[in-house]
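Below is one structure, written out as structure tokens, with a few remarks after it.
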Amino acid sequence: MGITAYTVTDPVAQHGEGPVWSARWGGLRWVDMLKGDVLALTEAGEVRRRHVGKVAAVVRPRVSGGYVVAAERELLLADSDDLDAPLRSLGEAWTDPGVRMNEGGCDPDGRFYIGSMAYDETPGGGSFYVAEPDGRLRVVLPEVTISNGFGFSPDGRLAYYADTTTGRVDVLDYDPAGGLSGRRPFAVLDPGQGAPDGLTVDAEGGVWVALWGGGAVHRYTPGGRLDAVITLPVPKVTAVAFGGERLDRLYITTSALDIDRAEQPEAGALFAADPGVRGLPVLPTTL
């Protein structure tokens with residue numbers, strides 16, 4: 001099934017990533033990752049921007065109110081949902097300036113996960129971590145290269161994860177006591193289709209994957225079969241999230257990194273599509 005995306009904003013981001021819909025926020029937030037900014041879409045369709053540091057990798061709501069932002073090498077907490085709320089750091093997670101945070105999310109029990117990658121994309125130079133209650137990070141998956149999409153099945157028993165350079169989306173088992181285990185391939189992409197970046201899961205268990213360099217979003221059935229494609233007019237598609245009051249609109253972020261805007265004038269814009277299926281509410285963190 002083919003679906004066409006449409007633009008929601010002008011090309012407002014250098015490297016748009018990580019869209020998240022929260023009714024508590026009043027709508028959509030995402031990041032301009034390498035500018036270090038969190039962006040918010042207002043009801044009027046305008047874009048607000050808040051600078052948090054050198055990098056803004058992930059934003060997620062907190063169960064207690066407020067939100068968490070993964071910055072370059074630290075987690076930042078806000079106690080209010082206001083975009084401009086004060087932020088406090090949980091401390092530097094590592095000291096290597098060549099490694100930064102990149103994409104993440106939460107499990108059904110509120111634990112926050114964050115991936116990392118080397119700026120120069122050194123193979124195995126990153127890790128996938130879970131944050132302990134005090135904010136310290138514990139390695140869950142070592143030696144990943146570009147830690148990217150992370151999401152859960154509707155019943156919370158399966159997690160989907162993409163290390164972009166592997167060219168595949170993996171699936172893991174999840175239980176509240178033992179965490180993640182049993183990593184195995186879920187969907188393997190032809191290199192000519194692009195590389196897996198951010199992902200989200202719909203209410204039917206379908207996995208929607210943004211394709212970096214592929215100008216598309218793929219939907220895979222719970223059995224791993226490709227059954228829908230959303231086409232975009234720009235190649236670097238980065239991440240996806242369901243939003244809207246009914247969670248029936250799929251928001252799609254894109255990047256303008258190393259793009260000639262004369263050739264790709266819409267690169268960095270926020271797009272959306274109407275895929276005919278609803279998404280799942282965002283999983284908040286207990287941090």
Side-chain angles (χ1 to χ4, degrees), residues 8 16-33 38-43 48 50 52 56-70 75-83 85 87 101-115 128 130-131 147-162 174 176 180 197-210 217 219 238-253 270-275 277-287:
V8 176
E17 268 279 11
V20 177
W21 178 277
S22 172
R24 207 176 66 198
W25 290 341
L28 190 80
R29 291 184 183 176
W30 70 108
V31 297
D32 192 350
M33 186 178 286
V38 178
L39 281 58
L41 185 68
T42 70
E43 290 186 2
R48 296 181 59 208
R50 193 256 175 94
V52 300
V58 181
V59 59
R60 285 293 187 279
R62 300 173 64 200
V63 171
S64 59
Y67 58 94
V68 60
V69 180
L75 300 181
L76 306 172
L77 297 183
D79 294 326
S80 164
D81 293 328
D82 184 352
L83 181 66
L87 294 168
M101 294 186 177
N102 191 68
E103 263 291 9
C106 302
D107 69 25
D109 294 283
R111 286 175 285 240
F112 182 74
Y113 295 72
I114 183 67
F128 188 55
V130 64
S147 187
N148 249 312
F150 183 59
F152 281 81
S153 61
D155 64 6
R157 296 174 61 184
L158 298 174
Y160 300 95
Y161 173 74
Y174 173 77
L180 299 172
D197 203 319
L199 63 82
T200 193
V201 183
D202 64 39
E204 297 176 357
V207 182
W208 298 81
V209 184
V217 176
R219 181 190 192 264
T238 56
V240 286
F242 282 92
E245 291 183 5
R246 294 166 54 86
L247 295 177
D248 57 357
R249 173 175 290 182
L250 189 69
Y251 287 98
I252 307 166
T253 52
L270 176 70
F271 291 80
D274 301 313
V277 65
R278 295 187 187 186
L280 300 167
V282 62
L283 296 172
T285 177
T286 53
L287 281 176

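Please read these numbers as outputs of a predicted model, since none were measured by experiment.
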Query raised in the report: Taking the inter-plane angle between the rings of F128 and Y161 on a 0 to 90° scale, is it parallel (under 30°), tilted (30 to 60°) or perpendicular (over 60°)?
Result: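 Rings of F128 and Y161: tilted, as their planes differ by 30° to 60°.
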
**Report entry** Flag if over 12 foreign heavy atoms under 6.0 Å of CZ, R24
**Finding:**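 Enclosed: over 12 neighbouring heavy atoms sit under 6.0 Å from CZ of R24.
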
Under 3.5 Å, side chain of [X] to main-chain N/O of [Y], donor-acceptor pair present?
X    : Y    : result
D81  : G66  : yes
R62  : A78  : yes
R249 : G244 : no
N102 : S147 : yes
T238 : G16  : yes
R60  : G104 : yes
T253 : P19  : no

Query raised in the report: If we only count heavy atoms from C-beta on, is the S22 to Y67 side-chain gap below 4.5 Å?
Result: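 They are not in contact (no side-chain heavy atoms under 4.5 Å apart), so the answer is no.
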
Query raised in the report: Which atoms form the tightest heavy-atom contact between V201 and P154, and what is the distance?
Result: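 Smallest interatomic distance, heavy atoms only, reads CG1-CD, 4.1 Å.
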
Query - Interatomic spacing from OH in Y160 to CZ in F150 - rounded to 0.5 Å - result: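 Nearest 0.5 Å value for the OH-CZ distance: 12.0 Å.
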
